[in-house]
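In this chain, numbering begins with 1 at the start of the sequence shown.
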Amino acid sequence: MSHGSGGRAMAQLIDELFRVHLDNPLLAQGNDQALFRPPPGRLVTSTDGHVISPLFFPGGDIGALAVHGTVNDVAMAGARPLYLTASFILEEGLPLADLERIVSSMGAAAHAAGVQVIAGDTKVVERGKGDGCFISTTGIGVVPDGIQISGDLARPGDAILVSGSMGDHGVAILSKRENLGFETEIVSDCQALNDLVAVMITAVPSIHCLRDPTRGGLATTLNELALQSQVGMQIQEPLIPVRPEVSAACELLGLDPLYVANEGKLIAICPGDQAEALLAVMRAHPKGRDAAIIGQVVEDAHHFVQMETAFGGSRIVDWLAGEQLPRIC
């Protein structure tokens with residue numbers, strides 16, 4: 001508890017752990033805020049809380065997730081993420097070795113994404129009143145001139161693309177949480193997508209929508225976009241990439257991979273006549289090599305998402321009702 005008291009122990013924790021792994025000139029100012037000159041252009045900000053269980057999972061941990069989640073939310077506006085702030089809620093009894101592993105991972109993820117953690121806060125709660133570690137992050141980025149990307153800009157005739165396979169993150173978390181042993185280890189897709197977005201908007205600046213399908217997965221995110229843009233969507237099940245091991249695990253557990261969370265994939269909606277060009281650019285990037293065109297935007301007063309199934313039938317892909325997998329991100 002002394003590490004959250006504001007005294008010498010907290011100062012040592014900040015100096016010997018947080019500053020070591022997150023060091024940069026703005027953080028080194030040492031104030032209760034970071035003073036920086038805003039870059040030219042339109043600013044974008046997003047904030048997110050991360051409460052994943054377990055803290056460490058195949059392919060990542062809560063530290064990397066906290067960076068990737070907010071970097072991706074900022075990037076989905078077509079923005080270049082620049083800065084993050086981070087707030088840690090730590091439970092009494094969390095091993096300092098685990099905390100250092102989390103913060104080290106966070107620093108590495110920020111460095112790889114080209115962003116800086118410039119301000120932060122730490123609080124400690126009594127044992128039993130937390131779950132090891134919660135992290136809230138806020139991101140700031142800048143949108144290049146001429147780029148206008150928003151969830152309300154999808155238009156009939158637009159194409160719907162995804163950057164890769166669906167459901168990897170959620171199934172990886174479940175396998176770790178429940179100690180499920182699969183023949184092939186399923187690894188989270190947790191990664192920052194700002195570099196992929198940058199090449200996409202350079203090649204096709206007329207992209208209408210970008211969104212990362214995290215909680216609720218592909219199905220819920222498409223419903224969000226359909227409602228926001230007041231359109232319908234038609235997707236084709238055979239075109240949606242899902243890894244065989246993820247599909248098998250979902251079938252075993254009674255889950256639908258379309259509703260399972262992702263942490264390193266995006267949905268893009270662009271004019272139909274530019275879809276092939278955008279697909280080629282995405283597939284040329286390591287983070288989009290499994291990209292696919294999965295459907296199109298249509299006129300629909302009911303704003304339904306409908307899917308042509310692998311058996312040739314059709315069904316409505318509705319909103320997620322409840323929570324398939326709790327504490328997923």
Asks: Locate the shortest heavy-atom distance separating Q306 from D300; write the atom from each residue and the value.
Replies: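 Reported closest heavy-atom pair: NE2-OD2, 4.0 Å.
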Asks: Answer yes or no: is there an ion pair linking D212 with K265, defined by an N-O contact shorter than 4.0 Å?
Replies: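 So D212 does not pair with K265 through a salt bridge.
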Asks: May I ask you to decide if I102's main-chain N or O and S105's side chain share a donor-acceptor pair within less than 3.5 Å?
Replies: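 Such a contact is absent between S105 side chain and I102 backbone.
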Asks: Donor-acceptor check, side chain of H285 to backbone of K287, threshold 3.5 angstrom: yes or no?
Replies: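 Judged by distance alone, yes, a pair lies under 3.5 Å.
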Asks: To the nearest 0.5 Å, tell me how far Y259 OH sits from T220 OG1.
Replies: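 If we round to the nearest 0.5 Å, Y259:OH and T220:OG1 are 6.0 Å apart.
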Asks: Does the pair Q116 and L82 meet the rule for a side-chain contact (heavy atoms from CB on, under 4.5 Å), with working shown?
Replies: CA-CA 7 Å; Q116 296 177 325; L82 298 172; over 6 Å; no
Asks: Measuring from S206:OG to I201:CD1, what's the distance to the nearest 0.5 Å?
Replies: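 Answer for the OG-CD1 pair, S206 versus I201, is 11.5 Å.
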Asks: Side chains of T138 and T47: do they bring a donor and an acceptor to under 3.5 Å?
Replies: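 Present: a donor and an acceptor within the cut-off.
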Asks: Quick one: salt bridge (charged side-chain N to carboxylate O under 4.0 Å, His left out) pairs with a partner in residues 301-319, sequence neighbours left out?
Replies: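 Only D256-R315 qualify under salt bridge (charged side-chain N to carboxylate O under 4.0 Å, His left out).
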Asks: What's the separation between atom CG in L94 and atom CG in L55, rounded to the nearest 0.5 Å?
Replies: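 Interatomic distance, L94 CG to L55 CG, rounded to 0.5 Å: 7.0 Å.
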Asks: Distance from M307 atom CE to E237 atom CD, nearest 0.5 Å?
Replies: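 The CD atom of E237 is 4.0 Å from CE of M307, to the nearest 0.5 Å.
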Asks: Work out which heavy atom in P38 is nearest to a heavy atom in L43; give both atom names and the distance.
Replies: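 Closest approach of P38 to L43, heavy atoms only: CB-CD1, 4.3 Å.
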Asks: Looking only at heavy atoms, which two atoms of R215 and C329 are closest? And how far apart?
Replies: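 Heavy atoms of R215 and C329 come nearest at CG-SG, 3.2 Å.
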Asks: Determine whether more than 12 heavy atoms belonging to other residues, nucleotides or ligands lie under 6.0 Å from atom CZ of R80.
Replies: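 No.
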Asks: Verify, without hydrogens or angle tests, whether D168 (side chain) and N262 (backbone) share a donor-acceptor contact under 3.5 angstrom.
Replies: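 Not confirmed, D168 side chain does not pair with N262 backbone.
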Asks: V197, I269: one ILVMFWY side-chain cluster at the under-4.5 Å cut-off?
Replies: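 No, because V197 and I269 fall into different hydrophobic clusters, even though each may have its own neighbours under 4.5 Å.
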Asks: Does some side-chain heavy atom of P58 sit less than 4.5 Å from a side-chain heavy atom of I186?
Replies: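 They are not in side-chain contact.
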Asks: Taking distance alone, no hydrogens or angles, what donor-acceptor pairs closer than 3.5 Å link side-chain atoms of residues 67-77 to residues at least two apart or in another chain?
Replies:
{"residue": "H68", "atom": "ND1", "partner": "A64", "partner atom": "O", "Å": "3.3"}
{"residue": "H68", "atom": "ND1", "partner": "Q191", "partner atom": "N", "Å": "3.4"}
{"residue": "T70", "atom": "OG1", "partner": "T137", "partner atom": "OG1", "Å": "2.6"}
{"residue": "N72", "atom": "OD1", "partner": "L193", "partner atom": "N", "Å": "2.7"}
{"residue": "N72", "atom": "ND2", "partner": "H68", "partner atom": "O", "Å": "3.2"}
{"residue": "N72", "atom": "ND2", "partner": "Q191", "partner atom": "O", "Å": "3.0"}

Asks: Of all heavy-atom pairs between A86 and V117, which one has the smallest distance, and what is that distance?
Replies: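 Between these two residues, the closest heavy atoms are CB-CG1, 4.2 Å.
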Asks: Does any part of the side chain of V242, heavy atoms only, come nearer than 4.5 Å to the side chain of S247, both counted from C-beta?
Replies: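 Sidechains of V242 and S247: in contact.
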Asks: Let me check something: do F57 and V51 share a hydrophobic cluster, defined by ILVMFWY side-chain heavy atoms less than 4.5 Å apart, either directly or through other members?
Replies: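 The answer is no; the residues belong to distinct hydrophobic clusters.
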Asks: Assign the ring pair F36 / Y83 to parallel, tilted or perpendicular, where the plane angle (0 to 90°) is split at 30° and 60°.
Replies: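 Judged by the thresholds at 30° and 60°, the geometry between F36 and Y83 is tilted.
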Asks: Quick check: is M166 connected to V187 through a chain of hydrophobic side chains (ILVMFWY, heavy atoms under 4.5 Å apart)?
Replies: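 No.
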Asks: Classify the side-chain pair R211/T221 by whether it contains a donor and acceptor separated by less than 3.5 Å.
Replies: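 R211 vs T221: no donor-acceptor pair found between side chains.
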Asks: Can you confirm whether I160 sits close enough to I235 that some side-chain heavy atom of one is under 4.5 Å from a side-chain heavy atom of the other?
Replies: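 Yes - at least one pair of side-chain heavy atoms lies under 4.5 Å apart.
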Asks: Linking I/L/V/M/F/W/Y whenever their side-chain heavy atoms sit closer than 4.5 Å, directly or via other members, would M282 and I267 fall into one cluster?
Replies: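 Cluster IDs for M282 and I267 differ.
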Asks: Where do D189 and E263 come nearest, in terms of heavy atoms and distance?
Replies: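 Nearest pair, atom of D189 first, then E263: OD1-N, 2.9 Å.
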Asks: Tell me whether D48 contacts the main-chain N or O of S46 through its side chain, where contact means a donor paired with an acceptor under 3.5 Å.
Replies: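 No; judged by distance alone, with no hydrogens or angles, the pair does not exist.
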Asks: Between R42 and P144, is there a donor-acceptor pair closer than 3.5 Å when you use the side chain of the first and the backbone of the second?
Replies: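 The answer is yes, because a donor-acceptor pair under 3.5 Å joins these two groups.
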Asks: Would you say Q230 has more than 12 foreign heavy atoms packed within less than 6.0 Å of its CD?
Replies: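 Correct, the count exceeds 12.
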Asks: Got M1 and E92 here, is their nearest side-chain heavy-atom distance under 4.5 Å?
Replies: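 Of all side-chain heavy-atom pairs linking E92 with M1, at least one is under 4.5 Å.
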Asks: Take a 6.0 Å sphere around NE2 of H111 and say whether it holds more than 12 heavy atoms from other residues, nucleotides or ligands.
Replies: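 Not more than 12 within 6.0 Å, no.
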Asks: Within the structure provided, determine whether M106 and I62 are in side-chain contact (heavy-atom separation under 4.5 Å).
Replies: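 Not in contact.
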Asks: Calculate, to the nearest 0.5 Å, the distance between atoms CG and CZ belonging to L278 and R283 respectively.
Replies: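 Atom-to-atom, L278:CG and R283:CZ are 11.0 Å apart.
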Asks: Does one side chain, of E100 or H21, offer a donor that lies under 3.5 Å from an acceptor on the other?
Replies: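 A pair is found: one side chain offers a donor N or O, the other an acceptor, under 3.5 Å apart.
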Asks: Got a sec: does the CG of D32 have more than 12 other heavy atoms crowding it under 6.0 Å?
Replies: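 Not more than 12 within 6.0 Å, no.
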Asks: For the pair R127 and E91, find out whether any cationic side-chain nitrogen is under 4.0 Å from an anionic carboxylate oxygen.
Replies: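 Not counted as a salt bridge, because no side-chain N and carboxylate O are separated by less than 4.0 Å.
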Asks: Once rounded to the nearest 0.5 Å, what's the spacing between atom CG of L65 and atom CD1 of I173?
Replies: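 The CD1 atom of I173 is 7.5 Å from CG of L65, to the nearest 0.5 Å.
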Asks: With distance as the sole test, does R289 use its side chain to make a donor-acceptor pair with the main-chain N or O of P286 at under 3.5 Å?
Replies: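 It does hold such a pair.
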Asks: Could R19 and D15 be called an ion pair, given the rule that one side-chain N must be under 4.0 Å from one carboxylate O?
Replies: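 Salt bridge between R19 and D15, a charged N being under 4.0 Å from a carboxylate O: yes.
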Asks: Taking T202 for its side chain and A198 for its backbone only, find out whether a donor-acceptor pair lies under 3.5 Å.
Replies: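 Side chain of T202 to backbone of A198, a donor-acceptor pair under 3.5 Å: yes, one is there.
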Asks: Is the closest side-chain heavy-atom distance between I14 and M10 below 4.5 Å?
Replies: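 They are in side-chain contact.
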Asks: Is there any ring pair (Phe, Tyr, Trp, His ring centres under 6.0 Å) pair reaching into residues 195-248, and which pairs are they, with sequence neighbours excluded?
Replies: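 Listed once each, the pairs would be none.
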Asks: Determine whether I293 and L239 make a side-chain contact, defined as any pair of heavy atoms from C-beta on separated by less than 4.5 Å.
Replies: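 In short, these two side chains do not touch, never coming nearer than 4.5 Å.
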Asks: Do the non-hydrogen side-chain atoms of V231 and L225 ever get within less than 4.5 Å of each other?
Replies: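 The answer is no; the side chains never approach within 4.5 Å.
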Asks: Do any N or O atoms from the side chain of D152 and from the backbone of S229 form a donor-acceptor pair under 3.5 angstrom?
Replies: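 Checking the backbone N and O of S229 against the side chain of D152, no donor-acceptor pair under 3.5 Å is found.
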Asks: Looking at N24 and L22, would you say the former's side chain and the latter's main chain have a donor-acceptor pair under 3.5 Å?
Replies: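 Side chain of N24 to backbone of L22, a donor-acceptor pair under 3.5 Å: yes, one is there.
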Asks: Salt bridge between R101 and D61, side-chain N to carboxylate O under 4.0 Å?
Replies: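 No, this pair does not count.
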Asks: Treating S163 as the side-chain partner and L266 as the backbone partner, does any N or O pair qualify as donor plus acceptor under 3.5 Å?
Replies: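 Yes; at least one donor-acceptor contact below 3.5 Å.
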Asks: Check for me, please, whether L258 and F304 land in the same ILVMFWY cluster - side-chain distances under 4.5 Å, paths through other members count.
Replies: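 Not linked; separate clusters.
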Asks: C270 and I207: which non-hydrogen atoms are nearest, and at how many Å?
Replies: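 Smallest interatomic distance, heavy atoms only, reads CB-CA, 4.3 Å.
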